[in-house]
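A short write-up of the structure that comes next.
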Amino acid sequence: MERRPWVHAETSAGMRPAHERHVPVLLERCIGLLEPALQGSSSIVVDATLGMGGHTENLLDRFPRLTVIGIDRDPQAHALAAQRLKRFGSRFVPVQAVYDEISEVLSTRGIPSVDGVLFDLGVSSLQLDERERGFAYSYDAPLDMRMNASDALTAEIIVNEYDENDLRRILRNWGEEKFAGRIAKALVEVRQERRIATTGELVSILQKAIPAAAQRNSGHPAKRTFQALRIEVNGELETLERAVPDALNSLSVGGRVVAVSYHSLEDKIVKRAVAALAVSKAPKGFPVELEEHQPEVKVLTRGAEGPTDQEVDSNPRAASAKLRAAERIRESRTAA
């Protein structure tokens, strides 16, 4: 499929509207899991990863008394979502922030708790489609990968300035790349002769560093390296480690968190954060479970749920999606 050249959302009159560019992943399941928490007269949901606003639009359409606070660090995403969601007026509240800042966003608005939090993690369709942002390995572009263009760290800085040990570490830890050592060594060798500036140059290096047999059996050779660089540039996993507990602690009793992740590292973080609040804290051998020891949340999904075959056929981006959800069943121990 032909990709559109990068243009700024606020200045391109010809850019396709967001609803034509983005199909929300696991939409019906996400809404179905949130629905029981949204029956009040003035429910509030935080869309912690607003993107182009697909999940938020559907939530606001289906629940006419709902307000959605849409958080995203990407100014271009906000520009597109604002056009898509302007018909909802004050029921949509855009906030440029990172998703580990939920409690601060709510506190500054005098909101003690919310009825739902939705995460649709990973790189967005917008970021993949804008070739100048360097998220995709399918065409040549500057090595950028920033979700917020005002941030200082870029993928170019990482591949050219991180030492070999750090390169190997992030490729292994963030990309689960078994050839991390070979790739790190190759990057260091190339950059002694020239600065690596584009995604095309990086892909060429990866194709030479990874054995041909592995490339035939493991998909595109750049997939795991690009994932690792993107995660490092944007601090995604450290942010998520803070964000999921923050989201769970921001819920009213009966409120729900729904999280859609796209690789095992994200899914493990969500699973671990939910599990920490879903078990009794009573000491081993304690004869009576006191109220303060009882679980705070109830797990709503059996393991991580994936998309149906039908959804994958209509929306290939959903293929690797994993969904988990939990409901707050009593007050947070960290509540004031």
Side-chain angles (χ1 to χ4, degrees), residues 3-12 15-25 45-60 68-86 88 92-102 104-105 117-137 139 141-158 174 199 226-240 242-244 246-247 259-263 266 317 321:
R3 302 278 186 172
R4 291 170 58 85
W6 185 86
V7 283
H8 196 284
E10 295 172 305
T11 60
S12 173
M15 177 174 277
R16 284 180 298 149
H19 72 273
E20 294 180 5
R21 305 178 65 193
H22 174 235
V23 179
V25 172
V45 164
V46 173
D47 186 343
T49 49
L50 174 66
M52 287 187 279
H55 286 100
T56 286
E57 180 179 42
N58 280 273
L59 284 165
L60 290 169
V68 175
I69 299 171
I71 294 176
D72 206 296
R73 71 178 84 183
D74 187 338
Q76 191 178 2
H78 274 290
L80 284 166
Q83 290 299 311
R84 183 176 194 166
L85 303 171
K86 64 183 179 181
F88 297 106
F92 169 58
V93 181
V95 180
Q96 187 175 342
V98 185
Y99 50 68
D100 65 341
E101 299 174 317
I102 292 172
E104 292 94 327
V105 168
V117 180
L118 174 65
F119 293 95
D120 183 12
L121 299 164
V123 64
S124 73
S125 300
L126 165 66
Q127 291 154 350
L128 286 171
D129 285 346
E130 302 303 324
R131 65 173 63 183
E132 287 297 324
R133 303 186 69 172
F135 284 98
Y137 45 77
Y139 38 67
L143 268 174
D144 193 318
M145 302 194 193
R146 290 174 294 178
M147 292 181 177
N148 183 346
S150 66
D151 292 341
L153 184 63
T154 66
E156 181 183 355
I157 291 172
I158 293 170
W174 301 158
T199 57
F226 272 60
Q227 173 182 299
L229 291 172
R230 191 200 80 223
I231 287 172
E232 179 73 8
V233 167
N234 298 289
E236 291 176 42
L237 297 183
E238 299 98 324
T239 302
L240 188 60
R242 298 185 293 269
V244 182
D246 189 27
V260 180
S261 59
Y262 295 89
H263 58 75
E266 292 173 338
R317 182 174 176 250

Is a side-chain donor or acceptor of Thr154 paired with a backbone partner of Arg146 at a separation under 3.5 angstrom?
-> no
Within the distance-only criterion (no hydrogens, no angle test), does the side chain of Asp72 pair as donor or acceptor with the backbone N or O of His78 below 3.5 angstrom?
-> no
Out of curiosity, Leu229 CG to Asp144 CG, how far, rounded to the nearest 0.5 Å?
-> 11.5 Å
Shortest non-hydrogen contact from Ala321 to Val260?
-> CB-CG1, 3.9 Å
In terms of heavy-atom contacts, His55 and Val25 come closest through NE2-O, 3.0 Å
CD1 on Ile157 to CD on Glu232, rounded to 0.5 Å | 11.5 Å
Would you mind reporting whether Val105 and Val46 have side-chain heavy atoms less than 4.5 Å apart?
-> no
Determine whether Glu266 and Glu236 make a side-chain contact, defined as any pair of heavy atoms from C-beta on separated by less than 4.5 Å.
-> yes
OG1 of Thr49 to CG of Asp74: how many Å apart, nearest 0.5 Å?
-> 12.0 Å
Give, for atom CD of Gln76 and atom CE of Met52, the distance between the pair rounded to the nearest 0.5 Å.
-> 9.0 Å
Quick one: closest heavy-atom pair of Glu238 and Trp174, and the distance?
-> OE2-CZ2, 4.0 Å
What heavy-atom pair brings Ala247 and Ile102 nearest, and what distance separates the two atoms?
-> CB-CD1, 4.0 Å
For residues 93-100, run the donor-acceptor check on the side chains, cut-off 3.5 Å, and write out each pair with its distance to 0.1 Å, sequence neighbours left out.
from, atom 1, to, atom 2, distance (Å)
Gln96, NE2, Arg73, O, 3.4
Asp100, OD2, Arg242, NE, 2.8
Asp100, OD2, Arg242, NH2, 2.9

For Thr199 and Tyr139 the tightest heavy-atom approach is OG1-O, 2.9 Å
For the atom pair CG (Asn234) and OG1 (Thr239), what is the distance rounded to the nearest 0.5 Å?
-> 8.5 Å
Work out which heavy atom in Val117 is nearest to a heavy atom in Ala48; give both atom names and the distance.
-> CG1-CB, 4.3 Å
Verdict with supporting geometry, Glu101 and Ile71, side chain to side chain contact (heavy atoms under 4.5 Å, CB included) | CA-CA 9 Å; Glu101 299 174 317; Ile71 294 176; over 6 Å; no
After noting the C-alpha distance and the side-chain angles of Phe92 and Glu57, does the key distance pass the side chain to side chain contact (heavy atoms under 4.5 Å, CB included) rule?
-> CA-CA 9 Å; Phe92 169 58; Glu57 180 179 42; over 6 Å; no
Non-neighbouring partners of Tyr137 that pass ring-ring contact (aromatic ring centres under 6.0 Å, His included), sequence neighbours left out = His220, Phe226
Honestly, is Arg317 close enough over Tyr262, meaning NZ or CZ under 6.0 Å from the six-membered ring centre and within 45° of the axis?
-> yes
Rounded to the nearest 0.5 Å, what separation is found between the CG atom of Leu143 and the CD1 atom of Ile158?
-> 9.5 Å
Using modelled atom types only, decide if a donor and an acceptor are shared between the side chain of Asn148 and the backbone of Ser150 within a distance under 3.5 Å.
-> yes
